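The structure appears right after this line, and notes come after that.
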Amino acid sequence: MEKKLTVDVCLSPYLYPVHHRDDTIVVVIDILRATSAMCTAFHYGVDKMIPVATVEEATEYKNQGFMVGAERNGVALDGFDFGNSPFSYMTDKIKGQTIVISTTNGTQAIEAAKDAYQVVIGAFTNISALCDYLIAQNRSVLLLCSGWKNRFNWEDSMFAGAVTNRLLKAGMHKTGDASLAMAFLYDQSQKNQIKFLRNSSHAERLASLGLKKDIKYCFQLDQTSIIPVLKGKYLVKLS
Ligand code: 3SL
C-alpha cells in the first residue's frame with residue numbers, strides 16, 4: 001500500500017511536542033529573521049553554523065575564539081560579531097568559517113526539534129529549493145514556526161501556508177487544522193499580503209528599529225538554492 005505523506009503545521013515551538021513524530025522532516029521557520037539570515041550566511045560561503053539557545057552558550061563559544069552572532073528582541077548583542085540581519089552575513093569574512101548563532105526564537109525552535117528525523121531550514125529566500133527537496137523525499141513534513149516567544153506570528157505562519165500549498169499540489173495530504181488554516185489564510189491574504197505584513201507585530205518591531213530593509217529582503221523568493229540541514233550540533237549545507 002502506498003504510504004500517505006502528510007504536511008502538518010506547528011504554530012509555536014511550545015506546541016512542538018504535540019506535533020512531533022519520529023519519522024517526519026521538520027522545517028524550522030523564522031522568516032524575520034533567523035532562518036533567512038542562516039540561508040544568506042550559507043549562500044555567502046559559511047561552512048557550518050552552530051545554533052545555540054542561550055546567550056551563555058554563545059558567550060562560551062565567543063570566549064573559545066568562534067565568530068558568533070547573537071540577537072535578542074531584534075537587537076544585536078554587544079560583544080558579538082554579528083546580529084541577525086541577513087545583510088551582516090553578506091561578507092567574505094564568513095567564507096569557510098564556522099559561526100555560532102543565538103536568536104530570540106529561531107534557535108529556540110531548532111533546539112526544540114533537534115531530535116527529529118531531520119531538521120532543515122526554510123525561508124522565502126530558499127522556498128523553491130526547499131519544496132523541491134521535500135517533495136522528492138517521500139516522507140511526511142512538519143513545518144515548525146518559530147513564532148515570537150512561543151506565540152503565533154504572521155510571517156512564519158504565512159510561509160508555512162505557502163509551503164503547505166506547494167506540497168499539497170504535489171500530492172501530499174494536510175493533517176490537522178493548522179495546515180488547513182494556514183494554507184487557506186495564505187491564499188486568501190495574497191492580495192493584501194503587504195498590508196497584513198506591515199501590521200504584523202514583528203514587522204512593526206523591526207521597522208521601529210530601522211530594519212525595513214531586512215523585512216523587504218526576507219520576503220524575496222529564491223535568493224538561494226541552499227538548504228541548511230542540522231547534523232548533530234551543526235547546521236551544514238544539504239548536499
Ligand atoms: O526570533 C528570532 O530568532 C529573530 O529572528 C528575531 S529578530 O528578527 O532578529 O528580531
Side-chain angles (χ1 to χ4, degrees), residues 25-72 74-111 113-134 136-137 144 146 159 211 213-214 216-239:
I25 299 175
V26 175
V27 180
V28 173
I29 305 162
D30 186 356
I31 300 303
L32 296 174
R33 296 166 289 168
T35 57
S36 303
M38 288 166 186
C39 291
T40 303
F42 280 97
H43 189 71
Y44 277 79
V46 81
D47 184 44
K48 296 188 195 76
M49 295 186 96
I50 306 177
V52 295
T54 66
V55 177
E56 288 69 30
E57 290 167 278
T59 306
E60 270 174 38
Y61 276 109
K62 180 74 195 151
N63 293 340
Q64 287 169 36
F66 282 85
M67 288 206 271
V68 180
E71 163 279 331
R72 283 299 178 274
V75 177
L77 298 184
D78 286 342
F80 295 96
D81 306 279
F82 307 94
N84 204 15
S85 171
F87 291 103
S88 65
Y89 295 95
M90 294 179 185
T91 162
D92 273 356
K93 79 175 182 188
I94 70 169
K95 270 210 172 102
Q97 300 292 327
T98 296
I99 295 181
V100 177
I101 184 164
S102 182
T103 72
T104 311
N105 306 288
T107 59
Q108 318 300 324
I110 295 172
E111 174 69 22
K114 67 179 183 207
D115 295 326
Y117 169 80
Q118 185 180 56
V119 175
V120 295
I121 299 300
F124 282 108
T125 56
N126 74 350
I127 187 169
S128 295
L130 174 75
C131 290
D132 289 348
Y133 172 73
L134 295 172
Q137 298 317 299
L144 170 57
S146 298
F159 178 80
L211 296 168
K213 195 174 152 207
D214 286 31
K216 203 168 166 200
Y217 174 79
C218 292
F219 282 86
Q220 285 177 26
L221 303 184
D222 298 329
Q223 299 301 299
T224 182
S225 56
I226 292 173
I227 305 166
V229 59
L230 193 66
K231 295 272 181 218
K233 69 175 182 177
Y234 296 105
L235 285 171
V236 297
K237 205 164 138 175
L238 185 74
S239 48

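In this text, all values refer to a predicted model and were calculated from it rather than measured experimentally. Side-chain atoms are counted along with the backbone in the values below, which use heavy atoms only and exclude waters and symmetry mates.
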>> Let's go through L235 and I50 carefully: what are the C-alpha distance in whole Å and the side-chain angles of both, what is the deciding distance for side-chain contact (heavy atoms from CB on, under 4.5 Å) to 0.1 Å, and is it a yes or a no?
In response: CA-CA 6 Å; L235 285 171; I50 306 177; over 6 Å; no

For [X], give me all partners under side-chain contact (heavy atoms from CB on, under 4.5 Å), at least two apart in sequence or on another chain.
X    : answer
A76  : none
A113 : Y16, V26, V119, L144
D132 : none
E71  : R33, N84, T103, T104

> Do T98 and M49 pass the side-chain contact (heavy atoms from CB on, under 4.5 Å) test, and can you show the C-alpha distance, the side-chain angles, and the key distance before you say yes or no?
Replying inline: CA-CA 5 Å; T98 296; M49 295 186 96; over 6 Å; no

>> Tell me every residue that passes ring-ring contact (aromatic ring centres under 6.0 Å, His included) with F87, counting only those two or more places apart in sequence or in another chain.
In response: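 By the ring-ring contact (aromatic ring centres under 6.0 Å, His included) rule, F87 matches Y217.
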
>> Test of understanding: with ring-ring contact (aromatic ring centres under 6.0 Å, His included), list the residues that count as partners of Y133, not counting sequence neighbours.
In response: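 For Y133 there are no ring-ring contact (aromatic ring centres under 6.0 Å, His included) partners, ignoring immediate neighbours.
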
> Yes or no on side-chain contact (heavy atoms from CB on, under 4.5 Å) for M90 and T40, after CA distance, side-chain angles and deciding distance?
Replying inline: CA-CA 7 Å; M90 294 179 185; T40 303; 3.8 Å; yes

Qualifying residues under side-chain hydrogen bond (donor to acceptor under 3.5 Å, both in side chains), relative to [X], sequence neighbours excluded:
X    : value
K216 : none
N126 : none
T59  : none
K48  : none

If you measure from [atom1] on [X] to [atom2] on [Y], what distance do you get to the nearest 0.5 Å?
X    : Y    : atom1 : atom2 : result
I99  : M38  : CD1   : CE    : 11.0 Å
I94  : M67  : CD1   : CE    : 7.5 Å
F219 : D214 : CZ    : CG    : 11.5 Å
I31  : C39  : CD1   : SG    : 8.5 Å
Q97  : D47  : CD    : CG    : 8.5 Å
D30  : C218 : CG    : SG    : 9.0 Å

Do the non-hydrogen side-chain atoms of [X] and [Y] ever get within less than 4.5 Å of each other?
X    : Y    : result
V229 : Q118 : yes
D222 : T125 : no
V28  : V120 : no
V27  : L134 : yes
I101 : Y89  : yes
T54  : S102 : no

>> If I compare all heavy atoms of Q108 with all of A53, which pair ends up nearest, and what's the gap?
In response: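 That closest heavy-atom pairing would be NE2-O, 2.8 Å.
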
> For the residue pair E57 and V52, what are the closest heavy atoms and their distance?
Replying inline: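 Scanning both residues completely, I find the closest heavy atoms to be CB-CB, 3.8 Å.
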
>> Applying ring pair (Phe, Tyr, Trp, His ring centres under 6.0 Å) as the test, list every pair that has at least one member in residues 40-63; sequence neighbours left out.
In response: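 Qualifying pairs: Y61-F66.
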
> Which residue pairs satisfy the salt bridge (Lys or Arg N to Asp or Glu O under 4.0 Å) criterion with at least one member in residues 74-88, sequence neighbours excluded?
Replying inline: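 Qualifying pairs: K62-D81.
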
> Are I110 and L230 close enough, and set up right, to give a side-chain contact (heavy atoms from CB on, under 4.5 Å), and what steps lead you there?
Replying inline: CA-CA 9 Å; I110 295 172; L230 193 66; 4.0 Å; yes

> Counting only N and O atoms by type, is there a donor-acceptor contact under 3.5 Å from the side chain of T35 to the main-chain atoms of G122?
Replying inline: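 Flag set: sc T35 to bb G122 pair under 3.5 Å.
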
